[in-house]
Protein chains: 2
Amino acid sequence: MSSPIPIEDTIAQECLAVRLRIVHRVATRIYDDALRPTGMTISQLNILVATALLKRVRPAEVCERLQMDASTLSRNVERMKAHGWLETVPDEDRRAQPLRITPKGRRLLARAKPAWDAAQAQVQGLLGAETFAALDSAVRRIHRSEI
Amino acid sequence: MSSPIPIEDTIAQECLAVRLRIVHRVATRIYDDALRPTGMTISQLNILVATALLKRVRPAEVCERLQMDASTLSRNVERMKAHGWLETVPDEDRRAQPLRITPKGRRLLARAKPAWDAAQAQVQGLLGAETFAALDSAVRRIHRSEI
DNA sequence: AAAATGTAATTGTATATACAAATAAATATT
DNA sequence: AATATTTATTTGTATATACAATTACATTTT
């Protein structure tokens, strides 16, 4: 006669979310600390990188890539435009507000690179090599499944 | 003569943070969607589980386990107390405000279990088996390194 | 014992996030 | 062509998060 396992034991032992969220908090803290002297956060750096990479990109495509709600991106872009790091360019479809990185944004990116290097190395050490591969394949699966 | 690789290419190809944050957003969406009928979020469920597991726990210990800032936990607990899911019990050290799950909180936990099961299965499928192991060992490393 | 230091938690303020609703413009339907 | 539907983005509102400062209490130092 064994007593049933309490719900909290099962969830604590198996929950993916709690582990993912812990790692997310720790990593965000490390990147944000490193980036603080640049005035940018890791969330904003990821948006800046996506924009620089795609040259000229609609908010909706950044949302798709980063799996971010459009309203979240909108507020982040608002702050980044206020800093002069991003700008909006006209589009044939007048609903669209394509984004482009500004020269000031490019300079910020160059200045932030060493801070990113340091944070990346620190988080890599904390998470272990297998974690990058796991996250990368998870992201690929997410992007494939959203077709 | 090869041109240098642009900063945005390097960061996009290697950044742990962007991958972690994408997976975090997707997983949070799935758990929160599943839990919505219960009135609880996955962040709150994780706090409820930690409290139930430890019977009677100081906020500072929950913060340590979940790697959450004390002010963040304070606001979350505030909401959960307003719902009647958690309560504060007295402590010898009068600075401390130990937490305990209420009977209402226990009933919520039981009611939320099937929703958690469904979300957990869905996220497991999306992230793949190797991801749980990677995250779990990362969390263990984080907890060990914070001694 | 008084003063200084340390610790636990909360409060002020800001960013990050998402859902729901609104707005504006393009496309499809009748 | 007028109406309906869809699409792109923003705005309203709420939770999640953290840093800095504050409050209240405990411990250590003098």
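Just so we're on the same page: letters track the sequence lines, and every chain starts at 1. Just the heavy atoms: all of them, side chains too, but no hydrogens, waters or symmetry mates, feed the values below.
Within the structure, salt bridge (Lys or Arg N to Asp or Glu O under 4.0 Å) contacts touching residues 117-128 of chain A (residues at least two apart or in different chains) are A:Lys113-A:Asp117. Within the structure, salt bridge (Lys or Arg N to Asp or Glu O under 4.0 Å) pairs that include any residue of residues 73-90 of chain A comprise A:Glu87-A:Arg100 (at least two apart or interchain). Each ring-ring contact (aromatic ring centres under 6.0 Å, His included) pair with one or both residues in residues 37-57 of chain B, not counting sequence neighbours, would appear here, but there are none. Judged as a ring-ring contact (aromatic ring centres under 6.0 Å, His included), the pairs with a partner in residues 85-112 of chain B (not counting sequence neighbours) are, in order, B:His83-B:Trp85.
Residues meeting the side-chain contact (heavy atoms from CB on, under 4.5 Å) test with B:Pro6, sequence neighbours left out: B:Glu8, B:Asp9. Scored by the side chain to side chain donor-acceptor pair (under 3.5 Å) test, B:Lys55 finds no partners at all (sequence neighbours excluded). Applying the side chain to side chain donor-acceptor pair (under 3.5 Å) criterion to B:Asp33, with sequence neighbours excluded, gives B:Arg36.
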Give the table of side-chain donor-acceptor pairs shorter than 3.5 Å for residues 118-134 of chain B, with sequence neighbours excluded, one pair per line with atom names and distance.
{"unit_1": "B:Gln120", "atom_1": "OE1", "unit_2": "A:Leu16", "atom_2": "N", "d": "3.1"}
{"unit_1": "B:Gln120", "atom_1": "OE1", "unit_2": "B:Tyr31", "atom_2": "OH", "d": "2.6"}
{"unit_1": "B:Gln120", "atom_1": "NE2", "unit_2": "A:Glu14", "atom_2": "O", "d": "2.6"}
{"unit_1": "B:Glu130", "atom_1": "OE2", "unit_2": "A:Ser137", "atom_2": "OG", "d": "3.1"}
{"unit_1": "B:Thr131", "atom_1": "OG1", "unit_2": "B:Leu127", "atom_2": "O", "d": "2.5"}

For residues 40-50 of chain B, tabulate all N or O donor-acceptor pairs below 3.5 Å that involve a side-chain atom, not counting sequence neighbours.
{"unit_1": "B:Thr41", "atom_1": "OG1", "unit_2": "B:Gln44", "atom_2": "N", "d": "3.2"}
{"unit_1": "B:Gln44", "atom_1": "OE1", "unit_2": "B:Thr41", "atom_2": "N", "d": "3.3"}

Determine, for nucleotides 13-19 of chain D in 5'-to-3' order, which nucleotides have protein heavy atoms under 4.0 Å from the base (write B), from only the sugar-phosphate (write S), or from neither (write -).
-> B-SBBBB
Annotated protein contacts, base or backbone, on nucleotides 2-8 of chain C with a non-hydrogen cut-off under 4.0 Å, one of B, S, - each = ----BBS
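In the helix from C:dA1-D:dT30 to C:dT30-D:dA1, the end axes, each obtained as the rotation axis mapping the C1' atoms of four pairs onto the next four within a five-pair block, lie 0° apart to the nearest 10 degrees.
Taking the charged nitrogens against the carboxylate oxygens, A:Asp69 and B:Arg29 have no contact shorter than 4.0 Å, which rules out a salt bridge.
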